[in-house]
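Atoms considered below: every heavy atom in the structure, side chains included; atoms not considered: hydrogens, waters and symmetry mates.
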Amino acid sequence: MLSARERRFLIGVLSAGNFIVGMGAFVVIGILVPLAADFGVSDAEAGMVMTVYALSYAVLSPLLVALTGAFGRRRVLLFSLTLFALAALLSALSPSIEVLFAARVLAAAGAGVFTPTCAAVVAATSPDEGRGKALAQVFFGLTLAQVLGVPMGSFIAYQIGWQASLGVVVLLALPCIWGISRYVPRGLKFQPTSLAALGGVLADWRVMLQVLFTASFLGSIYVIFTYLAPLLTQTMGYGRNGITLVLVIAGLGAVAGNLVGGWLGDRIGPVRTLFLLTAGQCVLLPLFSLLPMANGLVLALAFAWSVTGWSFMAPQQMRLLTASPDGQAVVLALNAAAIYIGAALGSAYGGVVIEAFGIGMLGISAGLFAAFALVHLWAGTRVGRSG
């Protein structure tokens, strides 16, 4: 077991790596307009850059984690983050949208190995009583990327060019790669994984029911999150400044929630924490259908919604580590893939709701999605091995 000081350095460098991965993954949201103009494509076609990444991550992450299961964790972390950085460089230098798509597939491959391996390493090197907090701290990098990395990348894109935003990702990755080589211990004990292990987890419907709760929970979140800007514009009359303020408040809520989730998971247990958070979403999400409301109430709602939503990941990871003790690396990779499945489902569902009933029904519809997630959680708890 590592000393407390060694664990702090390890968690810090892995959290920084997740920040880089998160920024590189989601920065395209803020650079779509200049990217589309540069390649001469529509906004919808440019949006496929994110879709290609999400689908590639969902497919490749569990597969590649299984294929790299026989290699040391330090080596896997170095290789995967290096691949991600090279993919970001290729993205910045892409002469066509087709090359950019290919680069995004490579980026998804690197990220899909790096983030689950980070979780597995931290779980293996942390004492049981502090595992939830440690997982939350490592996941904090992904949260911070949405609060800081994406707006920063968008600003750079509009000031210099979208290629420069991806160049920043490459530059940030270099010291982090060094940090991994320095602070991730050699010869770290871990559970080897294989394609057979992946197949075993996929065939265990009880474990998969628990894994796919990630998609259910985050799907309800993305019903609102994907369409938050047009919702605020049409109901509150917000423009750039108002929308930006709400996003900043939501980002601060995400940071707080990420830490709260680990704290709650350690103290009341992951399953109780998840029931509390999902019930909270059932209450909060329908309130978005009550817009317009006073500006202060909008900010309070955005903060509370974000805290509750982003408290989710650490307790869910704790739960899955218990659900599949013999396939922890694989189940964490499947959980990471389920994040992107949930984002895609929630976005698609929200689009259908808007077309059929109007944007004002998003809150109520998201609340119904959260109610489904609550039933999903109950069913997974009833049949799952984690209790």
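In plain terms, the two heavy atoms of L377 and F213 that are nearest each other are CB-CE1, 3.5 Å. Residues A338 and V211 approach most closely at CB-O, 3.9 Å, considering heavy atoms. The two atoms that bring I224 and A366 nearest to each other are CG1-CB, 4.0 Å, heavy atoms only. Of all heavy-atom pairs spanning A314 and G261, the tightest one is CB-C, 4.3 Å. The two residues V65 and V113 make their nearest non-hydrogen contact at CG2-CA, 4.2 Å. In terms of heavy-atom proximity, L64 sits nearest to A109 at CD1-CB, 3.7 Å.
L297 and L299 fall within a single hydrophobic cluster, where Ile, Leu, Val, Met, Phe, Trp and Tyr are joined by side-chain heavy atoms under 4.5 Å apart, directly or via other members. If you chain together hydrophobic residues whose side chains sit under 4.5 Å apart, L86 and V52 never meet in one group. In the hydrophobic clustering of this structure, V13 does not group with V170; members are Ile, Leu, Val, Met, Phe, Trp, Tyr whose side-chain heavy atoms approach within less than 4.5 Å, directly or through other members. Under the 4.5 Å side-chain heavy-atom criterion for grouping Ile, Leu, Val, Met, Phe, Trp and Tyr, I20 is connected to V255 within one hydrophobic cluster. Under the 4.5 Å side-chain heavy-atom criterion for grouping Ile, Leu, Val, Met, Phe, Trp and Tyr, V352 is not connected to F357 through any hydrophobic cluster.
The shortest side-chain heavy-atom distance between V298 and L232 falls under the 4.5 Å cut-off. Between V383 and W205, the closest side-chain pair of non-hydrogen atoms falls below 4.5 Å. Two residues are said to be in side-chain contact when any heavy atoms from C-beta on lie closer than 4.5 Å; T235 and F288 fail this criterion. No side-chain heavy atom of F79 sits under 4.5 Å from any side-chain heavy atom of T68. Counting heavy atoms from C-beta outward, L89 and L166 have side chains that stay 4.5 Å or more apart. Side-chain contact check for L81 versus V21: some heavy-atom pair is nearer than 4.5 Å. Here the side chains of V105 and L60 are in contact, with some heavy-atom distance below 4.5 Å. Contact annotation: the side chain of M208 approaches that of L334 to within less than 4.5 Å [non-hydrogen atoms, C-beta and beyond].
For the atom pair CG of L285 and CD1 of I364, the computed distance is 11.5 Å after rounding to the nearest 0.5 Å. With values rounded to the nearest 0.5 angstrom, S80 atom OG is found 9.5 Å from R73 atom CZ. Separating the CE atom in M361 from the CG atom in L368 is a distance of 7.5 Å, to the nearest 0.5 Å. In this structure, CG in L259 is found 9.0 Å from OG in S311, a value given to the nearest 0.5 Å. Separation of atoms OG (S165) and CG (L35) is listed at 10.0 Å; rounding is to 0.5 Å. For the atom pair OG1 (T381) and CZ (R206), the distance works out to 13.5 Å, reported to the nearest 0.5 Å.
In terms of modelled atom types and a separation under 3.5 Å, the side chain of S94 and the main chain of S91 share a donor-acceptor contact. Between the side chain of S289 and the backbone N or O of G363, at least one donor-acceptor pair lies under 3.5 Å. S220 places a side-chain N or O within 3.5 Å of a backbone atom of F217 that can act as its donor or acceptor partner. With hydrogens and angles ignored, the 3.5 Å screen pairs no side-chain donor or acceptor of S15 with any backbone N or O of I11. A side-chain donor-acceptor contact under 3.5 Å links R74 to the backbone of S181. No donor-acceptor distance shorter than 3.5 angstrom exists from the side chain of N18 to the backbone of L142, with no hydrogens or angles considered. The closest donor-acceptor contact from the side chain of R104 to the backbone of A25 lies under 3.5 Å. Checking side-chain atoms of T233 against main-chain N and O of Y238 turns up a donor-acceptor pair under 3.5 Å. With hydrogens and angles ignored, the 3.5 Å screen pairs a side-chain donor or acceptor of S306 with a backbone N or O of A254. Of the possible donor and acceptor atoms, none in the side chain of Y183 sits under 3.5 Å from a partner among the backbone N and O of W178.
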Query raised in the report: side-chain contact (heavy atoms from CB on, under 4.5 Å) between V168 and M23: does it pass, once the steps are laid out?
Result: CA-CA 10 Å; V168 169; M23 181 178 176; 4.0 Å; yes
Requested in this report: Take M236 and L231 through the side-chain contact (heavy atoms from CB on, under 4.5 Å) test and state the conclusion after the steps.
Outcome: CA-CA 8 Å; M236 297 295 298; L231 175 65; over 6 Å; no
Query raised in the report: Would F140 and W310 count as a ring pair (Phe, Tyr, Trp, His ring centres under 6.0 Å) if you check the C-alpha gap in whole Å, the side-chain angles of each, and the deciding distance to 0.1 Å?
Result: CA-CA 10 Å; F140 176 77; W310 285 99; over 10 Å; no
Query raised in the report: When you look at Q281 and W305, which way does the side-chain contact (heavy atoms from CB on, under 4.5 Å) test go after all the steps?
Result: CA-CA 7 Å; Q281 287 298 306; W305 163 63; 3.2 Å; yes
**Report entry** Steps toward side-chain contact (heavy atoms from CB on, under 4.5 Å) verdict (D38, Q163)
**Finding:** CA-CA 10 Å; D38 201 18; Q163 296 91 340; 3.1 Å; yes
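No option in Y222, F372, F369 other than F369 meets the ring-ring contact (aromatic ring centres under 6.0 Å, His included) test with Y349.
Here W263 sits in one hydrophobic cluster together with V260, L264, I268, L276; the rule is ILVMFWY side chains under 4.5 Å apart, joined directly or through other members.
Between F275 and W378, the ring center distance fails the sub-6.0 Å criterion. Checked against the 6.0 Å centroid criterion, the rings of F84 and F114 do not qualify as a close aromatic pair.
In this structure, a donor-acceptor pair under 3.5 Å is present between the side chains of Q316 and T214.
Scored by the side-chain contact (heavy atoms from CB on, under 4.5 Å) test, A108 finds Y53, S56, Y57 as partners (sequence neighbours excluded).
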